[in-house]
Number of protein chains: 2
Amino acid sequence: MTLIDDQNNSPCKDNCPCMDYCPLGSALSLIGGKWKIPILCALFQDGTTRFNELKRKIRGITNTMLASSLKELEEEGLISREQFMEMPLRVEYSLTDDCRDLMPILNQLAHWGAQVHITK
Amino acid sequence: MTLIDDQNNSPCKDNCPCMDYCPLGSALSLIGGKWKIPILCALFQDGTTRFNELKRKIRGITNTMLASSLKELEEEGLISREQFMEMPLRVEYSLTDDCRDLMPILNQLAHWGAQVHITK
DNA sequence: CAGAATCCGATGGGATACTG
DNA sequence: CAGTATCCCATCGGATTCTG
């Protein structure tokens, strides 16, 4: 496993670029794809949310993509799914604690993105 | 433009998920793709580096992908390219200041990635 | 309501060969 | 040495339809 270097603040260390296991690459892959960030942002801002409510809020997303993205995020441990045995069916999604730890970092990334954007 | 919310530490704000301009999405797109992180890590750790030297260090990358990734990174303002009119040709790549600002954030992301990895 | 199934086009990335 | 040009394939994402 490629360790993280706190000495020089490099994302990885030693034999980086990431020849075996790269924690940075794996972290980025968790939030990759077209719709995961919008989903996480929606859940972070509004808290627990139902499927169709998410679909309304995230403009342009289809059933297929919302369902598959939610399933991936759940498998990755970033969101949790709770299903209520009612009729009509109700399913609620929310962020996990792991994902809540991630949000401040993404916020810094957003700040950086806004910064480099205006300087060009 | 979607502003950044420092109050609740959300990556974006208001009408997020990111309907018009999303600084987080744009930041992530800058470092997306298969080879950009390895390239940035290599340049961060070893400093100014030549084309073929990068190719040797980043195992598995092809001429095509290295060249296109470097070109994109340069257009995005993350690396700078300096060409020396010698024979044989010499071209050196290095990180820009903008990109150096990014590395500590990526380091946090790597830490987070390592953390969630071991807890599962 | 909350999805799954299917199909299909676009994009990303690799292999190989060539060039100033 | 530092790339380009071509071709090819796999994966991603969208549209549509269907279901417990």
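Residue numbers start from 1 in every chain, and the chains themselves are labelled A, B, ... in the order their sequence lines are given, proteins ahead of strands.
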With a 4.0 Å cutoff (strictly under), does any side-chain N or O of [X] reach OP1 or OP2 of [N]?
| X | N | answer |
| --- | --- | --- |
| B:Arg50 | D:dA2 | yes |
| A:Lys34 | C:dT11 | no |
| A:Lys71 | C:dA4 | yes |
| A:Trp35 | D:dG14 | yes |
| A:Lys55 | C:dC1 | no |
| B:Asn63 | D:dG3 | no |

Which nucleotide, [options], lies nearest any side-chain atom of [X]?
| X | options | answer |
| --- | --- | --- |
| B:Arg81 | D:dG20, D:dG13, D:dG3 | D:dG3 |
| B:Tyr93 | C:dC1, D:dG3, C:dA2 | D:dG3 |
| B:Phe51 | C:dA2, D:dA2, D:dG13 | D:dA2 |

Practice item. Could you give me the CA-CA distance, side-chain angles and deciding distance for B:Ser80 and B:Thr96, then say whether side chain to side chain donor-acceptor pair (under 3.5 Å) is met? Key: CA-CA 6 Å; B:Ser80 58; B:Thr96 61; over 6 Å; no
Rounded to whole angstroms, how far apart are [atom1] on [X] and [atom2] on [N]?
| X | N | atom1 | atom2 | answer |
| --- | --- | --- | --- | --- |
| B:Leu70 | D:dG3 | CG | P | 7 Å |
| B:Gln83 | D:dG3 | CD | P | 7 Å |
| A:Lys57 | C:dA2 | NZ | P | 13 Å |
| A:Arg56 | C:dG3 | CZ | P | 14 Å |
| B:Leu54 | D:dC1 | CG | P | 13 Å |
| B:Glu72 | C:dT11 | CD | P | 14 Å |
| A:Glu86 | C:dG3 | CD | P | 14 Å |
| B:Glu82 | D:dG3 | CD | P | 13 Å |

Do [Y] and [X] meet the salt-bridge criterion of a basic N to acidic O distance under 4.0 Å?
| X | Y | result |
| --- | --- | --- |
| B:Glu53 | B:Lys55 | no |
| B:Lys71 | B:Glu75 | no |
| B:Lys36 | B:Glu76 | yes |

Practice item. Look up atom CZ in A:Phe44 and atom CZ in A:Arg100, then write down how far apart they are to the nearest 0.5 Å. Key: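 One gets 8.0 Å once the value is rounded to the nearest 0.5 Å.
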Review point. Between A:Met87 and A:Thr64, which has a closest nucleotide on DNA chain D that is more 5'?
Key: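 Whichever sits nearer the 5' end wins; that is A:Thr64.
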